[in-house]
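Basis for what follows: all heavy atoms, side chains included, without hydrogens, waters or symmetry-related copies. In what follows, chains carry the letters A, B, and so on, assigned in the order in which the sequence lines appear, proteins first and then strands, with residues in each chain numbered from 1. All of these numbers come straight from a predicted model, not from anything done at the bench.
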Amino acid sequence: MATDAPAATGISTDEKAFWERIKEPAVYVRLISLVVVLGGWELMGQTGNIDPVTFSYPSAISVAFWDLIASGKMTAAAYESSQILVAGLLIAIPLGIVLGILMGRFRTFEYAVDTYVFALYATPVVALAFPIAMVLGVDFVGKTTIVVFFAIMPIIVNVYHGVRNVDLSLLEVTRSFCSTESQRWRDLIFPSVVPYLVAGLGLACGRALVGMVVAEFLMSISGLGALSQDYIADLELDKGLAPVVLLMIVGIALTKVVNICETKFSSWRVRQES
Amino acid sequence: MRLEGVGKWFGSLQVLDGIDIDVKTQEILTVLGPSGCGKTTLLRIVNGLILCERGEVSFKGEVVDGPRPEMAMVFQNFGLFPWKRLDQNIAYALRIQGREKSEIDRLVSHYTELVGLGGFEANYPAQLSGGMQQRAGLARALAAQPDVLLMDEPFGALDALTRETLQEELLRINEVEPKAMIFITHSIDEALLLGDRVLVMTPRPGRIRFQFDTGFGRGRDLEEIRGGKRFQALRHYLWEAMRNPEAEPEPIPELVLE
């Protein structure tokens, strides 16, 4: 590829691609928007229109962000937080898939549990924090349980809908060719559930992050939630908002990972846009 | 393959009544009828996908009480798995039957070539035209090496040109590997062109109205048949019969039978 670059112009293809891309509205409109919003916010801060006791502005938050990283406080807090996040997701994902499949496939099981599942799905999970703390304690187990409750709901509901929405005409195809039940799962049901599952995982990751912070705020104070809350209580808003920036980055990264999985598992879908 | 007095109800609605059909080895039977006359239901009963309340379907003397590998269906909406490549779709029935890998590979490449899909093995269904998807549907059914092919309006969702091409292809393939076929259609032309025998059904409840041998013989040239007097006369006769579903069918004109 690099050898294809016209040597005479002295512009590499990478550079060219960059300028080509920036001409697209999707790229330059977003860039301009970011400059205007962040720049305006920064300007407000620089001109003294933001009281550093009640709010902060981008450059101050960035400095605080690097300070917290350099002092090791941020990494320590992130490590603490990630433990309940990862543990919560590791429980929620397989459990959610199994429950969703059982509900979608077996009527008796569905009727036995659907009241609770849909009631919990509609309940703001924050309201469950105190009863969970009472029963399971305010430490690792209690906090992980909160994350599980936040994350598991979209997985169960999506997988359930995926199993339910299996193409009936394809179900008939499997029957017509004398497929056994286990072959049917392999050829038809699992592949049709995947897009629903991936969408559910995307939601679950976002909700797991919310659950993590909620647990750290409401139960025993720890991790990024604690770091943020402590500084805000001390009226150091720049340091208080830095962990929030990290949470934002983690959230975006998790969404990206899910998107990549989605593309990988749906290579058979012909892209409409290209 | 034999059907005796088959009757079927959906709830209190009777959809089929007293259907007697005998399909001989390697015979192509086309079933013609207006929409909603229970043609597809009939085919699903033959396949064992649903059971009939009255009468009996038997195959080589055995009662059909569920799908069996000696019959393979080609579906109106193709019925391909969108997440499987073309070769995987064609291999589907063979894999279900638990054949050896080498045998599957051999049969898949044979039938892929036979239906004219060589070179498209790695494509997903959504990347192919409707005509090509149905070729794959046909290859999948043929690869299972059934004794009877069940065709549920297989070309109904295709455009006219593709449809005619596939009709010719189907007859060509059937010359190479003759099989009994029950072919459901609501196209008069298709029923006449493909069938050794045409069976006409009445709607609600579906009954057999009349049937006759087309007498075009094997190795037929569809272009030639289309231009011939016999085809024109039969076509006109069927058209009149379909337009007046209540009327007692007149006897087939002698001219036509020569």
Side-chain angles (χ1 to χ4, degrees), chain A residues 93 97 100-101 104-105 107 155 158-202 258-274, chain B residues 40-41 43-51 64-86 88-99 122-129 133 136-137 140-146 148-152 157:
Chain A
I93 293 171
I97 293 174
I101 283 177
R105 193 64 187 165
R107 274 294 157 90
I155 301 178
N158 272 37
V159 170
Y160 163 77
H161 282 297
V163 175
R164 259 313 148 74
N165 289 344
V166 160
D167 188 332
L168 290 180
S169 60
L170 287 179
L171 199 63
E172 185 142 300
V173 171
T174 65
R175 291 186 53 217
S176 180
F177 284 105
C178 312
S179 172
T180 62
E181 183 67 13
S182 60
Q183 288 168 329
R184 187 168 298 132
W185 280 88
R186 210 202 114 186
D187 293 316
L188 178 60
I189 299 174
F190 285 131
S192 20
V193 167
V194 167
Y196 289 86
L197 172 63
V198 172
L201 287 181
V258 171
N259 282 345
I260 290 168
C261 292
E262 189 171 17
T263 333
K264 199 171 148 55
F265 281 111
S266 54
S267 56
W268 51 272
R269 274 180 215 273
V270 176
R271 299 260 166 267
Q272 298 293 326
E273 56 264 46
S274 59
Chain B
T40 296
T41 306
L43 204 64
R44 293 173 72 214
I45 291 174
V46 172
N47 196 196
L49 287 167
I50 50 175
L51 300 175
V64 175
D65 53 3
R68 40 171 61 217
E70 297 98 326
M71 294 184 224
M73 177 99 93
V74 178
F75 297 84
Q76 181 175 13
N77 50 11
F78 320 136
L80 301 175
F81 296 99
W83 46 81
K84 288 184 191 287
R85 294 198 316 258
L86 210 64
Q88 296 168 325
N89 264 299
I90 295 172
Y92 176 71
L94 297 166
R95 243 198 42 247
I96 293 297
Q97 292 171 9
R99 307 280 189 98
N123 287 91
Y124 288 97
Q127 297 170 308
L128 302 171
S129 67
Q133 291 188 47
R140 172 176 67 184
L142 288 168
Q145 294 172 305
V148 185
L149 271 179
L150 306 176
M151 316 281 279
D152 181 14

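- Panel note: side chain B:Trp83, backbone A:Asp187; a donor-acceptor pair is recorded below 3.5 Å.
- Not one N or O on the side chain of B:Gln76 forms a donor-acceptor pair closer than 3.5 Å with the backbone of B:Ala157.
- B:Asp152 is linked by a side-chain contact (heavy atoms from CB on, under 4.5 Å) to B:Thr40, B:Leu43, B:Met73, B:Ile184, counting only residues two or more places apart in sequence or in another chain.
- Evaluation of the salt bridge (Lys or Arg N to Asp or Glu O under 4.0 Å) test over residues 158-168 of chain A, restricted to residues two or more places apart or in two chains, returns A:Glu110-A:Arg164.
- Heavy atoms closer than 4.5 Å to chain A are found in the backbone of B:Arg68, but not in its side chain.
- The candidate from B:Arg44, B:Gln97, B:Met71 with the greatest count of non-hydrogen atom pairs under 4.5 Å with chain A is B:Arg44.
- In this structure, chain B has no heavy atom under 4.5 Å from any part of A:Arg184.
- Both the backbone and the side chain of A:Glu172 come within contact range of chain B, each with at least one heavy atom under 4.5 Å from a heavy atom of that chain.
- With a threshold of 4.5 angstrom between heavy atoms, B:Leu150 does not approach chain A through any atom at all.
- From B:Leu80, atom CG reaches atom OH of B:Tyr92 across 12.0 Å, with rounding to the nearest 0.5 Å.
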